[in-house]
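Notes follow once the structure below has been shown.
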Amino acid sequence: MNPRQLWVALVTIVVKEVRRFTRIWPQTLLPPSITMTLYFVIFGNLIGSRIGTMDGISYMDYIVPGLIMMSVITNSYSNVASSFFSNKFQRSIEELMVSPLPSWIILLGYIIGGAVRGLGVGIIVTAVAFLFTDLDIHHPFLTIMVVVLTALLFSIGGFINALFARKFDDISIIPTFVLTPLTYLGGVFYSIHMLPEFWQTVSLANPILYMVNTFRYGILGVSDISVGPAMAAIVAFIIGLFAFALWLLERGKGIRS
Amino acid sequence: MSRPALSIRGLTKVYGNGFEALKGIDLDVPEGDFFALLGPNGAGKSTTLGVVSSLVQKTAGKVEIYGIDIDKDFSKAKYHLGVVPQEFNFNQFEKVQDIVMTQAGYYGMPMKEARPRAERLLRDLGLWDKRDTPSRMLSGGMKRRLMIARALIHKPRLLILDEPTAGVDIELRRSMWEFMRRINREEGTTIILTTHYLEEAESLCRNIAIINHGEIVHNTSMRELLKELDAETFLLDIREPLTKAPVIAGFEVSLSDPQQLALAVRKGQSINTAFAALDRAGITVVSMRNRANRLEELFVDLVERSNAESGIASNVAKEITQ
Ligand SMILES: Nc1ncnc2c1ncn2[C@@H]1O[C@H](COP(=O)(O)OP(=O)(O)O)[C@@H](O)[C@H]1O
Ligand SMILES: [Mg+2]
């Protein structure tokens, strides 16, 4: 296929993915908006006013970046996981398999689709946050970079999950038992400096901590960790997981008998 | 004969559970042909088409689509291929027109070009009124036709259809036949179909291969196949019940029930001779008919022969004629 045809195909997949999550917006866009509003009201306003400040920032402002990141992570991941698995389940994945499309376009299309959903929800949550507080973003370029890269990374994760999944339950195991705990423990609600030394060290093994903190640094200018290596690690993860997903797809893992 | 649209050599498939679904099949389908792959359930038809369309990973062998080896450039080969699978495989929640347009996009066809083509196909297949209907709301026959429209959107030179008329009522089946004949004749699209309906193969196809237990047991033109038919069985309803079949010199006669005789007439034999003998024996025939479609008989015969060779009961073969 020539570059023009590849471009048409890529746009087709992305448009199909966006059409899917906007068609079922009460399941995809509405719940995170409601949950995050509740977080802002309860943790930010009610409890936050008693907590005071965290790393010199009001508690409400402190949790906003973490909550945006949390929505981006879960929505990117679950968009690709459920969409790709549902296509596997309904066998409509065969539409792509019989076409001349190279695997990397298929993968890229799904990942971009998932990232669009993650970032879309991120924007909604940011808009909700502005109802409660005013934020001025310290490092806009870094902020956008890290959130986009995070969305891409977790979209790839969702894709790999869907390739291995055999039943619908299999696509909720990782979000429930891995992503949610790592996010909650990844410094969304607290600074790791509050933890005893031992748990601070343990926390440093959590990749989500780096993303949340880099993003918080972009918005607020404060961070628990150094930003440069964190960005490098995110990029390395993206490349590694993309290559792994592509290899699985080429081998027909979970889709070809 | 022109260059083959599809050429298969020594194709084997062993599934993950160790089951050998294809045992080294060879097949050639010339360009422009209307070809039938016929066989009982579980014979390996879908597996064969699955390998050709990349849904099934082959174990060994060689497949060429318009001379392009699928191991060398499957992507290019797939460009020539339109696939209508046996099971519905579109997204249940998407609308008819979106499904066809999305498929066009997968082949890199720009919207401007795809839109009029999708409209024409949907009109030809009687789905234009349903273009905004989610696919799950279509009837079974409409779903089949949607898959045909989707398979043809990128103008494939080779169309493969896996039991396209299964579960479709007679009237609709005939209109689908008409459609397939037309694209074969007018657009020169090579068509390969698998089917359970022998009548379908007989009425549509020029060449035919019969597959059983993962082996091609017969591969010839439809005309040759019909010529091979050397005996035909008639069922004679008789007035008085018998306990034993009468003996008629030169004919094979059996009693299928007390009031019905099965009479096999070979090519060149006169049926008069048999009737004269029955008359002399005082047996009155009240009516008579063919036992089954001639092709069907031949088919059962071929499949039974191959089953006997592989020592497997012929129940499977019977299933197809029911
Ligand atoms: N994924 C699979 N795993 C194991 N065996 C399979 C699989 N798919 C098909 N088979 C077996 O392979 C044989 C051929 O199947 P198939 O090609 O679907 O036959 P047909 O289309 O002629 O009815 C059958 O015995 C079937 O049970
Ligand atoms: Mg089949």
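In what follows, every chain begins at residue 1, and chains take the letters A, B, ... in the order their sequences are listed. It should be emphasised that the depicted structure is a prediction, and the values quoted were computed from it without experimental measurement.
Counting heavy atoms from C-beta on, the side chains of B:S53 and A:E94 never come closer than 4.5 Å. B:I99 places a side-chain heavy atom less than 4.5 Å from the side chain of A:E95. Considering only heavy atoms from C-beta on, B:T102 comes within 4.5 Å of A:R19 through its side chain. Between B:Y106 and A:I13 the shortest side-chain heavy-atom distance falls below 4.5 Å.
Proximity to chain A (any heavy atom under 4.5 Å) is shown, for B:L55, by both the backbone and the side chain. With a threshold of 4.5 angstrom between heavy atoms, A:R20 does not approach chain B through any atom at all. Contacts of B:E87 with chain A are made by side-chain atoms alone, with heavy-atom separations under 4.5 Å and no backbone atom involved. Looking at B:V83, only its side chain comes within 4.5 Å of chain A, counting heavy atoms on both sides. Looking at B:Q92, the atoms closer than 4.5 Å to chain A (heavy atoms on both sides) sit in the backbone and in the side chain alike. For B:M109, the part lying under 4.5 angstrom from a heavy atom of chain A is the backbone only.
B:Y79 approaches A:M1 most closely through the heavy-atom pair CE1-CG, 4.4 Å. Between A:S257 and B:K13, the shortest heavy-atom distance links the atoms O-NZ, 3.3 Å. Annotation for A:R91 and B:F88: closest pair CD-O, 4.3 Å, computed over non-hydrogen atoms.
Open room surrounds NZ on B:K76; 12 or fewer heavy atoms of other groups in view lie less than 6.0 Å from it. The number of heavy-atom neighbours closer than 6.0 Å to NZ of A:K88, taken from other residues, nucleotides and ligands shown, is above 12. Few gaps surround CZ on B:F179; more than 12 heavy atoms of other groups in view lie less than 6.0 Å from it. By the 6.0 Å contact criterion, CZ on A:F237 is open, its count of non-hydrogen atoms from other residues, nucleotides or ligands being 12 or less. Atom NZ of B:K130 has 12 or fewer heavy atoms from other residues, nucleotides or ligands within 6.0 Å.
Here the rule is side chain to side chain contact (heavy atoms under 4.5 Å, CB included) with B:Q103, and of A:T12, A:V98, A:L96 only A:V98 fits it.
Although no hydrogens or angles enter the test, the distance criterion places no donor-acceptor pair under 3.5 Å between the side chain of A:K16 and the main chain of B:D98. A donor-acceptor pair is defined here as one N or O able to donate and one able to accept, closer than 3.5 Å; no such pair exists between the side chain of B:Q57 and the backbone of A:R256. A donor-acceptor pair is defined here as one N or O able to donate and one able to accept, closer than 3.5 Å; such a pair exists between the side chain of B:S75 and the backbone of A:P100.
Chain B forms the most heavy-atom pairs under 4.5 Å with one residue out of A:S86, A:S99, A:A9, A:P102, and that residue is A:S99.
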